[in-house]
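The structure under discussion appears below in the form of structure tokens.
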There are 2 protein chains.
Amino acid sequence: MSTIAKAMELLNFFSLDRPEIGLSDFHRLAGRDKATTFRHLTALESVGLLEQNPATRAYRIGPAVLRLAHLREVTLPRRAGVRMVLPRLAEITGETAHASILDATGLTTLAHHENKSHSARVVLHESSLPLHATASGIAVLAYGGAALMDHALDQMQVYTDSTMRSRDEVTAAADTARKIGFSIANQSYEAGVTGIGTPLFDSNGIAGSVAVAAVSSRLTPELQHTIKQELRRAARIISQHWGGSIPPALENAWTTHLGPDNACAPADQTEKAS
Amino acid sequence: MSTIAKAMELLNFFSLDRPEIGLSDFHRLAGRDKATTFRHLTALESVGLLEQNPATRAYRIGPAVLRLAHLREVTLPRRAGVRMVLPRLAEITGETAHASILDATGLTTLAHHENKSHSARVVLHESSLPLHATASGIAVLAYGGAALMDHALDQMQVYTDSTMRSRDEVTAAADTARKIGFSIANQSYEAGVTGIGTPLFDSNGIAGSVAVAAVSSRLTPELQHTIKQELRRAARIISQHWGGSIPPALENAWTTHLGPDNACAPADQTEKAS
DNA sequence: CTTGCTGGTTCATTATTTAAACCGATGGTT
DNA sequence: AACCATCGGTTTAAATAATGAACCAGCAAG
């Protein structure tokens, strides 16, 4: 593995729970030598990808990422296409809608929209989602190929009693998702929350997923049907906005599972969402 | 220089004008061997910092930066403190207000707010500002130490007829800014636009700057006075929000140049901006 | 069929990275 | 005070990884 990749791996140890990491912690977390780790950290710091908290000497993500993220969003907008449909998705379903983007390390939440009318609503607190335990994750696994599946199966953390523990369960869930066009994660990430998701595509192919996280006790068959129809609609709009197209296999899965796009007959070219 | 830093340097060649760069262009821009460049690029791609446009094979900034930027903004919010004051700054001055953050590579625009009432207003189009040619840049140079000044003097691009060309001019401008507490860039970056700026601080010290970009023909002495007073106010609020404090030297410079904080007598603890 | 470009690859040489041990400082215990 | 553990950081020879000249293959224009 190149030293560049090794250094970059260090960045993946940051999370909302662990926003600052000291040298020794990095040394332990990464399992690499301390001197090596130190050299990597200072190198990352020199380019602004990390910065050091002067008080604790711990490292945190640096300001350079803001510049890069801005540049990325300006030259290749992703949020715009998502923000266009999430409000409607949350409103019609009455639950929390969110969209995620796939990268080398997993699934990153791009935007989310909570439905304010319910007092009990699902609050998303993590920006990075596990592939094997969420509807969003299963959705991308269903269309992501073998390499992504291997990657997911290598790190199967357990979150709830219902989290899938065996590799076979995960592949089976992905197969089901591929068959019906939607992934369903019943309390496998968070107790009391059921996720329903479907994949998103850009010109590269699979690029992310859009999902609705519903309070399990509210999830009637009718609501589930509504959610799926709205997800289909949202996935079409977002994927189109991202320069991608829905694979015929997925179109077929949707149609056989839900019936043709009867909600709005003119099909593809419906009016834009609010 | 570490290979990590060398690889990361490649990311700095991206800009709004050049959002995608091919292998050969990188090889030329960076002046490094093509094989080396290629390996760096694939390494960066493997960790999601870059991705390849499948059509052109050119490289562009990857999705991983979105995750990192989100994490940074959640754990160390910077935009929040800025968004709190920019609208007022733009409204009262009637011009365009913006705030930038300092990192290893220069000054990155964090947020900006245009005043919609004027038909002729300054539109910011770049996310990265040159240190030597903008009010924002001079403001941080005045408080940034010798290393930053050297860095700035090494890359003095010329933008307009009024862009400072000699190193002495830049250091003199920084000295003036240090003396009066405000930096002024008269059409040195864009013709017809005069910038007035003042530095921002976090717990590390100098961290960025806030500035107003005004249409030069509208900039009366009275308006300039208003802008400075509002900048002082904004800089206080933002720096406090960022966990920093205004150095006594800057406080003194402000006071001798503007007089005491007469706009709102109770001084420090005024009510929050809208 | 050149010529000149593109992205990508190979392999011997070279130089950077690596890891064990070491350092000095800090902080809590006995 | 002495002790112990831990912190961030530094040093060394040994090993691994980076390097760059040359080389491919594909493509477009002349």
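Both backbone and side-chain heavy atoms feed into the values below; hydrogens, waters and symmetry mates do not. A, B, ... follow the sequence lines: proteins, then strands. Residue 1 opens every chain.
- In terms of the side-chain hydrogen bond (donor to acceptor under 3.5 Å, both in side chains) criterion, A:Ser136 has no residue partners (sequence neighbours excluded).
- Under 4.0 angstrom from either OP1 or OP2 of D:dC7 there lies at least one side-chain N or O belonging to A:Arg28.
- Between B:Lys6 and the phosphate of D:dT19, there is a side-chain N or O to OP1/OP2 separation shorter than 4.0 Å.
- DNA chain D lies under 4.0 Å from at least one heavy atom of each of the following residues of residues 37-52 of chain B: B:Arg39, B:His40.
- The 12-atom threshold is not exceeded at CG of A:Asp161, counting heavy atoms of other residues, nucleotides or ligands nearer than 6.0 Å.
- Separating the CG atom of A:Asp33 from the P atom of D:dT12 is a distance of 16 Å, rounded to the nearest angstrom.
- At a threshold of 4.0 angstrom between heavy atoms, the contacts of B:Tyr59 are confined to the sugar-phosphate backbone, with no base atom among them.
- The separation between B:His27 atom NE2 and D:dA22 atom P is 13 Å, rounded to whole Å.
- Of the listed nucleotides (C:dG8, C:dT6, D:dT19), C:dT6 has the atom at the smallest distance from the side chain of B:Ser24.
- Comparing A:Gly22 and B:Thr3 against DNA chain D, the residue whose closest nucleotide sits nearer the 5' end is A:Gly22.
- We find that B:Glu51 and B:Arg60 are joined by a salt bridge, their nearest charged nitrogen and carboxylate oxygen being less than 4.0 Å apart.
- With hydrogens and angles ignored, a donor-acceptor pair closer than 3.5 Å exists between the side chain of B:Lys34 and the base of C:dG8.
- Each end of the helix from C:dC1-D:dG30 to C:dT30-D:dA1 gets its own axis from five base pairs, and the two axes differ in direction by 30°, given to 10 degrees.
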